[in-house]
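Below you'll find the structure, written out as structure tokens, and then a few comments.
For the single chain, residues carry numbers from 1 onward in sequence order. Remember, it's 1-based here, ligands and their atoms both numbered in the order they're listed.
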Amino acid sequence: MSTDPKAAIAQMEKIVSLCKRRGFIYQSSEIYGGCGGVWDYGPLGAELKRNLRSAWWNTMTREREDVLGLDASILMNPAIWKASGHVDTFADLMRECSLTNKRVRADHVEPQDGVVMKYSGATSPTGWRWDRTVSALMKNGEHIESFRKRIRALIAQNAGEAAGKPEEIELLNEEKIDAVTGSVDFHPETGGALGEARPFNLMLKTYLGPTATEADVTYLRPETAQAIFAQFKNVYDSSRVKVPFGIGQIGKAFRNEVTPKNFTFRSREFEQMELEFFIKPDEAVEIICGEVAAWSEGADLSEPKPNWGWELWHRYWVDQRTKFYEGIGLGDVLEYYWQTPADLAHYARACVDILCEFPFGTEELEGIAARGDFDLSAHQNASTKSQEIFDEELKTAAAKLTDDQKEALIQKRLAAEAAKIKGEPMPESAVRAWFERLFKGSYVPHVIEPSAGLDRMALAVLAKAFSETEKVDEKGKKEIITVLHLHPRVAPIKVGVFPLLKNKPELVAKAREVYALLKKHMNCFYDETASIGRRYARQDEVGTPFGVTIDFDSLGEKGPELLDTVTLRHRDSGEQERVKISDLLGKLLPLVS
Ligand code: GAP
């Protein structure tokens with residue numbers, strides 16, 4: 001990542017341009033001027049996303065015995081969003097520009113310096129009048145005439161046709177108010193003074209049913225997680241699983257972000273890959289195992305143990321997710337932000353943000369939260385449907401406890417409730433009622449939630465992979481060579497297949513044979529146009545890790561020992577090796593899957 005903001009912007013522009021030029025990512029609805037915060041994935045982007053999705057799904061569900069998959073609907077009963085807290089609290093603080101009504105997230109306004117100018121009204125020769133009094137920031141270095149021109153253009157844009165031509169608008173009663181430094185009270189794009197910060201709910205509303213009345217309002221899901229909670233009991237009852245176990249889901253999520261930005265990083269429509277991993281409450285672990293294992297630096301996290309409480313499970317998932325990112329080539333660009341008690345939601349015990357280096361800064365890729373039993377309990381209360389599970393082992397172990405041992409557990413919990421720094425402590429009567437259920441073997445499971453964004457992951461791998469080098473050819477002509485060093489597991493095209501010459505039918509036939517052999521197992525690209533160097537370069541630019549060239553040796557022209565061999569080229573090292581066609585699949589498959 002560059003520390004120079006201009007270089008960072010230039011780097012992002014190059015990535016955005018490559019994405020469009022080579023078919024990774026396009027602006028949605030581009031022919032109609034776009035659609036803010038929404039992106040379409042082209043042929044290569046679709047493959048890249050599919051590979052990331054499969055990597056997540058295989059690692060998190062298929063390759064594990066303790067995680068099941070779910071594919072829930074985007075539209076759900078709005079009561080889910082009320083119970084989860086999204087209707088009341090899923091909001092960003094937002095401020096509105098007094099000049100243009102454009103909104104900006106209150107925490108996204110960078111400090112600015114300049115002179116505050118005030119106007120009381122505007123008129124135009126069309127007879128149009130504007131009776132508002134507004135202030136705007138003329139940034140340091142901005143000439144007064146270009147500032148006025150900018151303000152006229154913004155007012156005209158907002159007023160529509162009635163105002164006529166922007167240059168004919170007359171700004172009335174201009175006053176120079178004050179010089180300010182480090183002010184966060186002006187819109188970063190327009191310079192218009194910002195109003196008070198107000199909460200703005202991020203959920204996208206829609207109507208279910210033909211009448212479109214308030215009674216039909218529901219929301220496009222802002223996260224996939226809630227469907228997992230809402231279906232927890234169905235999955236539990238229909239699968240032979242025991243806590244601890246998890247439910248994973250990949251799917252679209254929608255947020256009416258106030259300021260979508262940084263290409264696909266903050267979008268309004270995006271895809272999440274979320275796991276809700278359900279665990280026993282620590283008290284249940286203590287009753288069954290006699291203790292809850294404590295976490296310490298260097299603890300063995302390789303295999304889950306029965307005496308793990310929420311803390312070790314949380315650490316375990318941070319470790320698992322780190323390994324996942326290492327497996328797709330992002331291992332060396334990760335950082336971790338452990339939320340402080342002040343950052344945490346009142347129900348959360350811990351949350352770590354896995355951050356990744358993007359050209360525009362080090363930003364969140366995934367959050368891993370220990371959320372207690374908040375979510376399932378919220379749905380249990382709102383739906384009045386029990387979300388408890390029954391644990392025979394717990395019941396048996398609890399039956400062996402003396403009354404004093406039971407009371408000691410209750411007292412420990414009461415002390416923890418009293419020491420809470422956020423949220424209301426649970427009343428003693430509720431704590432005792434909870435333990436009564438626990439001693440009978442029943443509890444609402446707690447949850448660890450690793451929640452990743454697929455679009456952010458795709459952007460992270462593209463940004464990490466992007467490289468440019470300057471090359472000077474034999475004639476002294478400089479050329480910029482772009483290579484995407486994508487990990488073979490995620491690369492959209494795994495192998496380029498090239499006959500050395502396109503006008504030699506024997507070479508073409510053999511190359512077609514190799515292509516047919518490989519493409520059943522991996523995404524390949526057949527290319528017979530241009531020089532072989534040019535074809536390699538085209539594939540390097542889209543991150544294809546391997547190239548297979550079929551030449552005259554492949555036809556046995558230099559001797560029978562080379563018959564049916566090909567040149568296998570490795571993108572990153574440029575190394576070339578001779579490989580038998582019959583060995584190709586065995587060599588490539590483990591590298592790309
Ligand atoms: N269920 C928890 C949850 O949704 P979050 O931190 O709001 O937590 C999880 O979202 C992940 O989803 C983020 O780490 C990010 O990768 C992705 N994400 C969230 N908002 C996004 C947006 N507007 N555009 C793209 N990805 C987003």
Side-chain angles (χ1 to χ4, degrees), residues 25 28 35-39 41 49 52-53 56 60 70 72 74 76 80-81 83-86 89-92 94 105 107-108 200-204 219-230 232 246-277 317-318 321 324-325 328 330 334-337 339 343-345 347-348 350-356 358 360 362-372 374-376 378-379 447-463:
I25 305 173
S28 161
C35 182
V38 192
W39 301 93
Y41 289 78
K49 262 181 105 176
L52 288 169
R53 223 184 265 124
W56 189 94
M60 301 293 275
L70 181 74
I74 287 170
M76 295 193 281
I80 286 180
W81 304 112
S84 66
H86 283 81
T89 61
F90 191 58
D92 277 342
M94 160 248 38
R105 246 173 78 166
D107 60 342
H108 283 180
F200 172 72
N201 194 294
L202 298 181
M203 283 198 294
L204 279 146
Y219 306 92
L220 301 185
R221 65 181 178 201
E223 60 172 22
T224 59
Q226 290 308 317
I228 300 181
F229 296 123
F232 164 74
I247 305 176
Q249 175 167 223
I250 301 179
K252 287 272 188 180
F254 303 82
R255 295 183 190 177
N256 200 5
E257 295 285 357
V258 182
T259 36
K261 62 175 183 176
N262 289 332
F263 198 21
T264 56
F265 180 83
R266 190 178 308 286
S267 315
R268 291 188 169 128
E269 176 177 338
F270 55 98
E271 227 169 310
Q272 285 187 317
M273 306 188 284
E274 297 199 290
L275 169 70
E276 302 302 331
F277 194 82
W317 279 111
V318 176
R321 296 301 302 143
F324 172 86
Y325 286 115
I328 58 167
L330 291 178
L334 299 182
E335 284 181 30
Y336 300 83
Y337 174 71
Q339 292 191 13
D343 298 329
L344 288 174
Y347 50 81
C351 185
V352 60
D353 296 336
I354 300 189
L355 314 173
C356 178
F358 291 93
F360 43 81
T362 301
E363 298 280 353
E364 179 185 326
L365 193 57
E366 165 158 357
I368 305 176
R371 297 175 63 89
F374 174 78
D375 305 275
L376 285 181
H379 288 302
V447 77
I448 309 290
E449 179 190 71
S451 171
L454 175 54
D455 307 77
R456 275 189 198 178
M457 209 182 278
L459 184 57
V461 297
L462 285 168

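Only the backbone of E366 comes within contact range of ligand 1, with a heavy atom under 4.0 Å; no side-chain atom does. At a heavy-atom cutoff of 4.0 Å, ligand 1 is contacted by no atom of R268, backbone or side chain. Looking at L365 against ligand 1, only its backbone comes within 4.0 Å, counting heavy atoms.
When side chains are defined from C-beta on, D343 counts as touching Y337, because their heavy atoms get closer than 4.5 Å. A 4.5 Å side-chain heavy-atom check between E363 and R456 finds every atom pair outside the cut-off. Contact of the E257 side chain with the D92 side chain is registered, since non-hydrogen atoms from C-beta on lie closer than 4.5 Å. Counting heavy atoms from C-beta outward, N256 and F200 have side chains that approach closer than 4.5 Å.
In this structure, the protein non-hydrogen atom closest to atom 17 (C) of ligand 1 is G453 CA, 3.7 Å. Protein heavy atom closest to atom 12 (O) of ligand 1, with residue, atom name and distance, is Q272 NE2, 3.2 Å. Looking from atom 18 (N) of ligand 1 to the surrounding protein, the closest heavy atom is F270 CE1, 3.5 Å. For atom 7 (O) of ligand 1, the closest non-hydrogen atom on the protein side is R255 NH1, 2.8 Å. When hydrogens are left out, the protein atom nearest atom 8 (O) of ligand 1 is S451 OG, 3.8 Å; that is the closest non-hydrogen contact. At the shortest separation from atom 15 (C) of ligand 1 among protein heavy atoms lies R456 NH1, 3.4 Å. Looking at atom 25 (C) of ligand 1, its nearest protein heavy atom turns out to be F265 O, 3.1 Å.
Atom OG1 in T362 sits 12.5 Å away from atom CG in D353 (nearest 0.5 Å). Between T89 atom OG1 and L202 atom CG the span is 10.5 Å, to the nearest 0.5 Å. For the atom pair CD of E271 and NZ of K49, the computed distance is 4.0 Å after rounding to the nearest 0.5 Å.
Listed by number with element, the atoms of ligand 1 under 4.0 Å from a non-hydrogen atom of A225 are 1 (N). The contact set between ligand 1 and E274, taken as ligand atoms under 4.0 Å from a residue heavy atom, comprises 1 (N), 2 (C), 3 (C), 4 (O). Taking every heavy atom of E449 and a limit of under 4.0 angstrom, the matching atoms of ligand 1 come to 1 (N), 2 (C). Close approach of ligand 1 to E364 is summarised as follows: ligand atoms under 4.0 Å from at least one heavy atom of the residue are 6 (O), 13 (C), 14 (O). Near S267, meaning under 4.0 Å from any of its heavy atoms, are these atoms of ligand 1: 22 (C), 23 (N), 24 (N), 25 (C). Near E223, meaning under 4.0 Å from any of its heavy atoms, are these atoms of ligand 1: 1 (N), 2 (C), 3 (C), 4 (O). Of all the atoms in ligand 1, the ones that sit under 4.0 Å from a non-hydrogen atom of E257 are 22 (C), 23 (N).
The ring pair (Phe, Tyr, Trp, His ring centres under 6.0 Å) check on Y41 picks up nothing, with sequence neighbours excluded. Remark: A253 engages F270, Q272 in a side-chain contact (heavy atoms from CB on, under 4.5 Å) (not counting sequence neighbours).
Using bins of under 30°, 30° to 60° and over 60° for the plane-to-plane angle, the ring pair F374/Y347 lands in the parallel bin.
Considering every non-hydrogen atom in both K252 and T224, the closest pair reads O-CG2, 4.0 Å.
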